[in-house]
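As the structure is a prediction and not an experimental result, all values here were calculated from the model. So that the names make sense, note that chain A is the first sequence line, chain B the second, and so on, each numbered from 1.
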Amino acid sequence: MAGQSVLTSQNEDFPKWYQDVVAKAEMADNGPVRGTMVIRPYGYAIWERMQSEIDSRIKATGAQNAYFPLFIPESYLHREAEHVEGFSPELAVVTHAGGEELAEPIVVRPTSETVIGEFMAKWIQSYRDLPLLLNQWANVVRWELRPRLFLRSSEFLWQEGHTAHASAEDASQYVMKIHVEVYHDFLETVLAVPTYLGIKPPSERFAGATNTMTCEAMMRDGKALQMATSHELGQNFAKAFDIFFQNEEGQAALCHTTSWGASTRLVGGLIMAHGDDNGLIVPPAVAPTQVVIIPVRDDEEVLQACQSLFVELSRERPSRIVVDKGRGSFGRRVTDWEIKGVPLRVEVGPRDLAQGLVTVVRRDTGEKFAVSHVEARTLIQGLLETIQNDMYASATSFRDARTVDVTTLAEAIEAAQSGFARLPWDRVGASGETRLNAEAITVRCLQRGDGTIPASDLEDGLVAIVAKSY
RNA sequence: CGGGAAGUAGCGCAGCUUGGUUAGCGCGCCUGGUUUGGGACCAGGAGGCCGCGGGUUCGAAUCCCGCCUUCCCGACCA
């Protein structure tokens, strides 16, 4: 039976592989209404760990959590011209409630710039009230034509930050801080996913923004996925919602606002950035279960050894280690835990016990270690850190190997069949974008030559990273 | 909305062309037993408005008409 695969292989059919993993790892199910998603306990546990890591980083920048309503008056959306144009096609609108037709339709929030803008206007009086730094964890609804679990669902969970500042410089600096110290740091150190940071070309900008930044990751099929975005909104929303403040000279001035978000799409990104033909590979930092102890046989001596190992290991990482006493064959249980991507597996059987050993197996590399009961504890602690680092390193080398520098659109189109292409932005232009789009390729982001984030798409010498994307 | 495919048990499918007793198979599930070092096996069992509505017929999962839904491929999005 060895080697018989439970999942469709990535090479054979990547989208099918993704669907198989999501189902068999018990991550999520389709909801009854098209495009909706049921997040199952295992998937939600991973999301909760992501939330807590992102939330603490957001708070470290000074922002506070709040909550705004799900229902937004339709008229709010119309106040910012580009915003309404961008979102109209994907709005869910409530026209009836309480058994009657509503005088004004209510939209289910696709994002909260508008309501939050309304209240910022109310709360901000003076420059002393600035910056106003808000964040909310919420669900949002965007009616999708082609939904996929986690990646594109009609309802999804996210955090959306909204801030107001006295000056463009302050807004710009703050949003840059969020982008780098919250998103990029989280992606790198927690999800172990390397990303290209850059700004979106005007064509890909958020509806109503003056500048949009992105973190672009590469999936195992070479396609790009935007893992988080941060927007400078300039004074567009401040104008639309009258977000004024009185400056030190006593004059009325318009605020500069920002918004930034990361969603349950991150879970999809995690799956596709790290998974292999045997299933998920979850980085230790977000793994709900970091270590699973599997008794090879269902006999007293083995179970006792498992239990005592469990007690020892639990001192260091309570609740993130389990003993699988489940029924079924050894092989079956091993496979099930592999699909779920648990970073470390400890096998304990009569053969191990006879030699006073246990077998520790890494999920990411498959490497096995036979160590004594006592050594296991320190080995496991070290291995979890090693796995976290190795996963980042391996994702980085995968991405780098599939990112190529080119100089023509034709070469870029060729390269984007299997990965990312980098080419001078001035070789693309509006007509270039059209040509790329015809091949289902988009400009994912613009960077400076040294890989840093430009202040604007008008800078000289920018490099465009282009790819197919989700 | 344009192009393609499919609706039969929780999931995946066969049966339909050529209508005919009680609608099958694999996985999963339940009971009991033997097992367990990479998806174990045996025996027994539960589970179906055959997508919906109409029609043809002595008789429809099967033929005819209409409708609905889902999935895949193209234009938008975290």
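As judged by a 4.0 angstrom heavy-atom cut-off over every strand, Gly349(A) is placed among the base-contacting residues. Backbone-only engagement by Arg297(A) is indicated by non-hydrogen atom pairs under 4.0 Å involving sugar-phosphate atoms exclusively. When heavy atoms are screened at a 4.0 angstrom cut-off, Arg345(A) is found touching base atoms of the nucleic acid.
Stacking between Phe156(A) and A78(B) is shown: the ring centroid lies under 5.5 Å from the centre of the six-membered base ring, and the planes differ by under 30°.
The distance from atom CG of Leu91(A) to atom CD of Glu74(A), rounded to the nearest 0.5 Å, is 7.5 Å.
Nearest nucleotide to the Arg333(A) side chain, out of A78(B), U36(B), G37(B): U36(B). Counting only heavy atoms from C-beta on, Arg146(A) has its side chain closest to G74(B) among A78(B), G37(B), G74(B). Of the candidates C76(B), G37(B), C72(B), the closest approach to any side-chain atom of Arg152(A) belongs to C76(B).
Remark: side-chain polar atoms of Glu80(A) are paired, donor with acceptor, to backbone N or O of His83(A) under 3.5 angstrom. Formation of a donor-acceptor pair under 3.5 Å by the Thr195(A) side chain with backbone atoms of Leu197(A) is not found in this model.
Taking for each of Gly35(A) and Ser154(A) the nucleotide of RNA chain B with the nearest heavy atom, the 5'-most of the two is the partner of Gly35(A). Residues Trp143(A) and Arg351(A) both approach RNA chain B. Their nearest nucleotides, taken by heavy-atom distance, put Arg351(A) toward the 5′ side.
For A6(B), the paired nucleotide is U69(B), the pair qualifying as Watson-Crick or G-U wobble because both relevant distances are below 3.5 Å.
Taking a cutoff of 4.0 Å between a charged side-chain nitrogen and a carboxylate oxygen, Arg363(A) and Asp276(A) qualify as a salt bridge.
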